[in-house]
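Only heavy atoms go into these numbers, but all of them, side chains included; no hydrogens, no water, no symmetry mates. Count residues from 1 along the sequence. As the structure is a prediction and not an experimental result, all values here were calculated from the model.
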Amino acid sequence: MAKAPRRGPYICGIDAALDVVSGKWKGLILWELDAHRVRRFAELRRGLPGVSEKMLTQHLREMEEDGLVHREVYAEVPPRVEYSLTEHGRTLNQALGPLGAWGVERMRREGSEAVAVTETSHEVSVPAGNPVRGCHS
């Protein structure tokens, strides 16, 4: 079943913004692409432990349709595809900065643990109370 297009009508600006970033992984994709500028699919997947190939593909397609992500396909053998943020995606990532700061404060207040992600994609639990950088801070 095809998903209905996301074009409103919206109740307010927050409704419109959340429509674009809805989904567990979209904010993290924005963060990963902002941090590394250009990523291939496998690099994105390693940087987002727990995301399935299907979900990452779906989110990247939606983000490309929404003008947040640029997909560059190189005519090579084997084919090479790289993803990067558009200017529109960079501005959304900046707008999410205060939300990331709010989340870090909430984690501190609740004593929540964080997962540290390394380049080798090993997840490490970080005990509550340790300083944690918000994805968008």
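- Evaluation of the side chain to side chain contact (heavy atoms under 4.5 Å, CB included) rule for R71 yields E64, V73, V81, Y83 as partners, not counting sequence neighbours.
- Contacts of R37 classified as salt bridge (Lys or Arg N to Asp or Glu O under 4.0 Å), with partners at least two apart in sequence or in another chain: D34.
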For residues 48-57, please give each side-chain donor-acceptor pair under 3.5 Å, one per line with the distance, not counting sequence neighbours.
unit_1: S52; atom_1: OG; unit_2: M55; atom_2: N; d: 3.0
unit_1: T57; atom_1: OG1; unit_2: E53; atom_2: O; d: 2.9

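- Partners of E110 by side-chain hydrogen bond (donor to acceptor under 3.5 Å, both in side chains), not counting sequence neighbours: none found.
- In this structure, the separation between CG on L30 and CH2 on W25 is 14.0 Å, given to the nearest 0.5 Å.
- Here the side chains of L60 and F41 are in contact, with some heavy-atom distance below 4.5 Å.
- Listed by chain and residue number, nothing satisfies the salt bridge (Lys or Arg N to Asp or Glu O under 4.0 Å) test with E72 (two or more places apart in sequence, or in another chain).
- Take I11 and apply the side chain to side chain contact (heavy atoms under 4.5 Å, CB included) test, not counting sequence neighbours, and it matches D15.
- More than 12 heavy atoms of other shown residues, nucleotides or ligands fall within 6.0 angstrom of atom CZ in R80.
- Residue pairs satisfying the salt bridge (Lys or Arg N to Asp or Glu O under 4.0 Å) criterion with at least one member in residues 83-101, sequence neighbours excluded, are listed as follows: E87-R90.
- In this structure a side-chain-to-backbone donor-acceptor pair under 3.5 Å is present from T86 to L68.
- For H59, there are no side-chain hydrogen bond (donor to acceptor under 3.5 Å, both in side chains) partners two or more places apart in sequence or in a different chain.
- Ion pairing between a basic and an acidic side chain is recognised when a charged N comes within 4.0 Å of a carboxylate O; R45 and E43 show no such pairing.
- Cluster annotation: V38 is not connected to L33 through the hydrophobic network of ILVMFWY side chains, with a link wherever side-chain heavy atoms come within less than 4.5 Å.
- Among R39, K26, R40, R46, the one residue that satisfies the salt bridge (Lys or Arg N to Asp or Glu O under 4.0 Å) test with E32 is R39.
- Considering CD1 of I29 and CG of L85, their distance stands at 10.0 Å, rounded to 0.5 Å.
- With sequence neighbours left out, E105 forms a salt bridge (Lys or Arg N to Asp or Glu O under 4.0 Å) with R108.
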